[in-house]
Structure formats: C-alpha cells, structure tokens
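The sequence lines fix the lettering, A, B, ..., with proteins before strands; numbering per chain opens at 1.
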Number of protein chains: 2
Amino acid sequence: MSGTEPVRRTTRQRSAVLAVLDDLEQFRSAQEIHTELVRRGDSVGLSTVYRTLSALVADDDVDTLLRDDGETLYRRCHGETHHHHLVCRSCGATVEVDGPAVETWADRLAAEHGFDEVSHTLEIFGRCEKCRV
Amino acid sequence: MSGTEPVRRTTRQRSAVLAVLDDLEQFRSAQEIHTELVRRGDSVGLSTVYRTLSALVADDDVDTLLRDDGETLYRRCHGETHHHHLVCRSCGATVEVDGPAVETWADRLAAEHGFDEVSHTLEIFGRCEKCRV
DNA sequence: GGCTAGTTGAGAATGATTGTCAATCCCGGT
DNA sequence: ACCGGGATTGACAATCATTCTCAACTAGCC
Ligand SMILES: [Zn+2]
Ligand SMILES: [Zn+2]
Ligand SMILES: [Zn+2]
Ligand SMILES: [Zn+2]
C-alpha cells in the first residue's frame with residue numbers, strides 16, 4: 001500500500017519528543033508538548049516539534065484528535081489497530097475503545113449511498129471520575 | 001435547559017446569510033459563504049458572517065463539522081433531532097444519517113468508564129458518485 | 001419622529017500551524 | 001577516525017481562520 005517510507009534519522013530532538021509522548025497518557029497539543037520539553041530542560045524548536053509529530057502521525061505511530069476549537073491533539077496509543085477514544089474534556093485522560101459494529105455500519109451506509117474511499121471520525125467526550133467536583 | 005435566548009433582530013445581513021444557507025446543500029466554510037454573499041451582490045462583512053453563523057449554531061439552527069485541517073464547515077440541516085453526516089470530501093455533498101445503535105453504545109461505554117456529561121462526534125467521509133473520475 | 005440597545009464592518013489582533021533557508025548533524029562508505 | 005551528502009534543525013517570517021475593537025448604524029418600540 002504505502003511506498004517506501006522516508007528514512008527517519010535518530011536525533012536528540014526526535015528522541016526527546018518520543019520520550020514526552022511515552023510519558024503522557026493524555027491527548028496533548030503540540031504547544032503543550034513543546035512546553036513540556038522546555039520544562040524538562042530538553043528544549044526542541046517548535047517547528048521541529050510540529051515536524052516530528054507530523055512524521056509520527058504519517059507513520060501511524062501517533063494518533064490525532066481535533067478538539068472542538070480546531071486545535072490538534074496528539075497521543076501515543078497502545079493499540080496497533082484502528083480504534084477510537086473516550087476522552088475527558090478537562091484532563092484529557094483517554095480510554096481506547098473499539099466499536100466493530102460502528103465500523104461495519106459506517107461502511108455499509110456509505111456504500112448504500114454510492115460513496116467511495118470511506119473513512120470516519122468518531123470520538124466520545126465526557127468528564128472522568130477524577131474531574132468531578 | 002437553556003435560559004431565555006437572546007433576542008435576534010431581523011437585519012438584511014442575517015437574512016442574506018440565511019438565504020445562502022438555504023440554497024446550499026453542502027457543508028461550507030464561513031469564508032466560502034462570505035464569498036458567495038459577495039458574488040450575489042449582497043455583501044456582508046466577514047465578521048458579521050462569523051457572528052451570524054455562531055448565533056445560528058447556538059440556536060441549533062445550523063450544524064457544524066470540523067474538516068481535517070481544522071476549518072469549521074456549516075450547513076443548515078433538515079433533521080430537527082441529533083444526527084450525523086456522510087460527507088463527500090471533494091464536493092461537500094451531504095447525507096444526513098441516524099445511528100441509534102451508536103448513540104446507545106457511546107453512552108453506555110462512557111458510563112461504564114465513569115464518564116459524565118457525555119457527547120460525541122461522528123462523521124463519515126468519502127467520495128460520492130458524481131465525484132468519481 | 002426620536003430612543004436605545006442590538007448590530008454592523010473595517011481593520012487590528014490573536015494564535016495555531018506552516019514555510020524559509022543557512023547552519024548543523026547523522027550515518028554509510030572508506 | 002575521516003568524509004560527504006542528504007536529512008534535520010531552529011530562529012524567524014508568513015499564512016490563514018477566527019476573534020476582538022469600537023465608532024457608526026439601525027431595527028423595534030413609544
Ligand atoms: Zn488512540
Ligand atoms: Zn472506526
Ligand atoms: Zn446535520
Ligand atoms: Zn450521535
């Protein structure tokens with residue numbers, strides 16, 4: 001399917017971004033990840049953070065999620081296969097979920113209406129227990 | 001649930017935006033709607049377009065949709081109740097769809113994980129028949 | 001015809017994301 | 001260890017959707 005993927009060199013910056021992602025259980029914005037890198041004293045240029053995240057997404061190593069305000073959030077998920085997320089609006093805590101029924105429903109529906117090259121987005125938002133008053 | 005809604009006056013601008021929305025079957029961005037208004041010779045300030053659209057969304061008279069690149073699209077839907085969309089990526093043609101099974105699945109899942117104030121986003125993208133090569 | 005509060009719009013401001021490009025670095029070959 | 005060339009970096013500028021500002025305008029009401 002995908003042609004030969006471009007070579008990715010191992011650099012201090014790339015490792016630093018990956019380290020932050022591996023320590024984070026929540027979906028976070030590029031800006032937040034950049035701030036965290038600075039806080040750790042392992043500073044990486046903002047452009048590089050964006051570039052690295054884009055590469056990770058292209059390689060399917062990182063999942064993205066669009067917040068209501070349009071900002072993109074990133075997270076390194078454990079599941080290898082296609083899945084969705086139950087996300088806490090206030091703390092970003094995330095549960096990876098599978099919905100086999102939804103997958104087939106969406107594909108069938110699209111086919112019935114003559115749609116091609118189908119994809120879908122599905123995210124569930126809420127407030128987790130820890131974030132109750 | 002919602003308190004007394006703020007008064008909305010009937011202005012030329014508001015009517016013009018609604019007129020465009022009613023003629024459009026596709027999801028469109030605020031900028032595109034603004035361009036269409038100018039083309040019709042019924043120009044409305046861009047700020048006003050955004051303001052009007054926001055008000056319509058707040059009043060549940062218009063549906064929104066976040067495109068992959070984070071831009072917000074607007075559409076005046078026919079269905080009164082909660083529903084989702086099957087959208088053509090190239091022309092924006094939209095089919096309103098219902099997924100009762102998904103609704104209950106999402107709510108139950110969130111409840112099982114102790115989540116509160118649950119909402120969800122679900123959109124299906126594809127290429128419609130007219131947009132095949 | 002006036003009053004007044006909601007509305008408008010040109011332009012500035014915001015803020016995330018992307019582009020630029022010279023300096024720097026990784027890595028396979030020697 | 002020493003190159004060399006292509007990949008990577010980062011300070012900064014640029015883009016672009018969206019929001020803010022605020023003085024001028026107007027719909028709705030007496
Ligand atoms: Zn995930
Ligand atoms: Zn899915
Ligand atoms: Zn709709
Ligand atoms: Zn739904």
Practice problem: Let me see the working for Arg132(A) and Glu117(B) under side chain to side chain contact (heavy atoms under 4.5 Å, CB included), right down to the final yes or no. | Solution: CA-CA 10 Å; Arg132(A) 302 276 175 73; Glu117(B) 296 180 4; over 6 Å; no
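- When side chains are defined from C-beta on, His83(A) counts as touching Cys77(A), because their heavy atoms get closer than 4.5 Å.
- Between Arg75(B) and Glu96(B) there is a salt bridge, with a side-chain nitrogen of the basic residue lying less than 4.0 Å from a carboxylate oxygen of the acidic one.
- End-to-end axis angle of the helix from dG1(C)-dC30(D) to dT30(C)-dA1(D), using five pairs per end and rounding to 10°, comes to 30°.
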Could you give the side-chain donor-acceptor pairs of residues 48-55 of chain A under 3.5 Å, partners two or more places apart or in another chain?
| from | atom 1 | to | atom 2 | distance (Å) |
| --- | --- | --- | --- | --- |
| Thr48(A) | OG1 | Arg51(A) | NH2 | 3.2 |
| Tyr50(A) | OH | Gln31(A) | NE2 | 3.0 |
| Thr52(A) | OG1 | Thr48(A) | O | 2.7 |
| Ser54(A) | OG | Tyr50(A) | O | 2.9 |

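- For Asp42(B) and Arg12(B), the salt-bridge test passes: some basic side-chain N is under 4.0 Å from an acidic carboxylate O.
- Here Arg76(B) does not pair with Asp63(B) in a salt bridge; the nearest charged N to carboxylate O distance is not below 4.0 Å.
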Provide a list of protein-nucleic acid N or O atom pairs under 3.5 angstrom, restricted to nucleotides 8-11 of chain D.
| from | atom 1 | to | atom 2 | distance (Å) |
| --- | --- | --- | --- | --- |
| dT8(D) | OP1 | Val7(A) | O | 3.4 |
| dT8(D) | OP1 | Arg9(A) | N | 3.2 |
| dT9(D) | OP1 | Thr11(A) | OG1 | 2.7 |
| dT9(D) | O3' | Gln13(A) | NE2 | 3.0 |
| dG10(D) | OP1 | Gln13(A) | NE2 | 3.0 |
| dG10(D) | OP2 | Gly45(A) | N | 3.0 |
| dG10(D) | OP2 | Thr48(A) | OG1 | 3.0 |
| dG10(D) | N7 | Arg51(A) | NH2 | 2.6 |
| dG10(D) | O6 | Arg51(A) | NH1 | 3.1 |
| dA11(D) | N6 | Ser47(A) | OG | 3.1 |

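- Residues from residues 53-75 of chain A that place a heavy atom under 4.0 Å from any atom of DNA chain D: there are none.
- With hydrophobic clusters built from ILVMFWY side chains whose heavy atoms lie under 4.5 angstrom apart, Phe115(A) does not share a cluster with Val87(B).
- Judged by distance alone, with hydrogens and angles left aside, the side-chain atoms of His113(B) form no donor-acceptor pair with the main-chain N or O of Leu86(A) at under 3.5 Å.
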Practice problem: Go through Asp68(A) and Thr121(B) one step at a time and tell me if the side chain to side chain contact (heavy atoms under 4.5 Å, CB included) criterion holds. | Solution: CA-CA 10 Å; Asp68(A) 314 30; Thr121(B) 66; over 6 Å; no
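- Along DNA chain C, the stretch of nucleotides lying under 4.0 Å from any heavy atom of chain A spans, 5' to 3', dA16(C) to dC27(C).
- The stretch residues 23-39 of chain A touches DNA chain C through Gln31(A), each having a heavy atom under 4.0 angstrom from the strand.
- In summary, Asp116(A) and Arg89(B) do not engage in a salt bridge, as defined by a charged side-chain N under 4.0 Å from a carboxylate O.
- Formation of a donor-acceptor pair under 3.5 Å by the Asp59(B) side chain with backbone atoms of Asp61(B) is not found in this model.
- A salt bridge does not link Glu36(A) to Arg28(A): none of the charged side-chain nitrogens sits closer than 4.0 Å to a carboxylate oxygen.
- Put simply, Val118(A) and Leu109(A) are part of the same group of oily side chains (I, L, V, M, F, W, Y) that touch within less than 4.5 Å, one to the next.
- The backbone N or O of Gly92(A) lies less than 3.5 Å from a partner atom in the side chain of Thr94(A), making a donor-acceptor pair.
- Between His120(B) and His84(B), a ring centre-to-centre spacing shorter than 6.0 Å is recorded.
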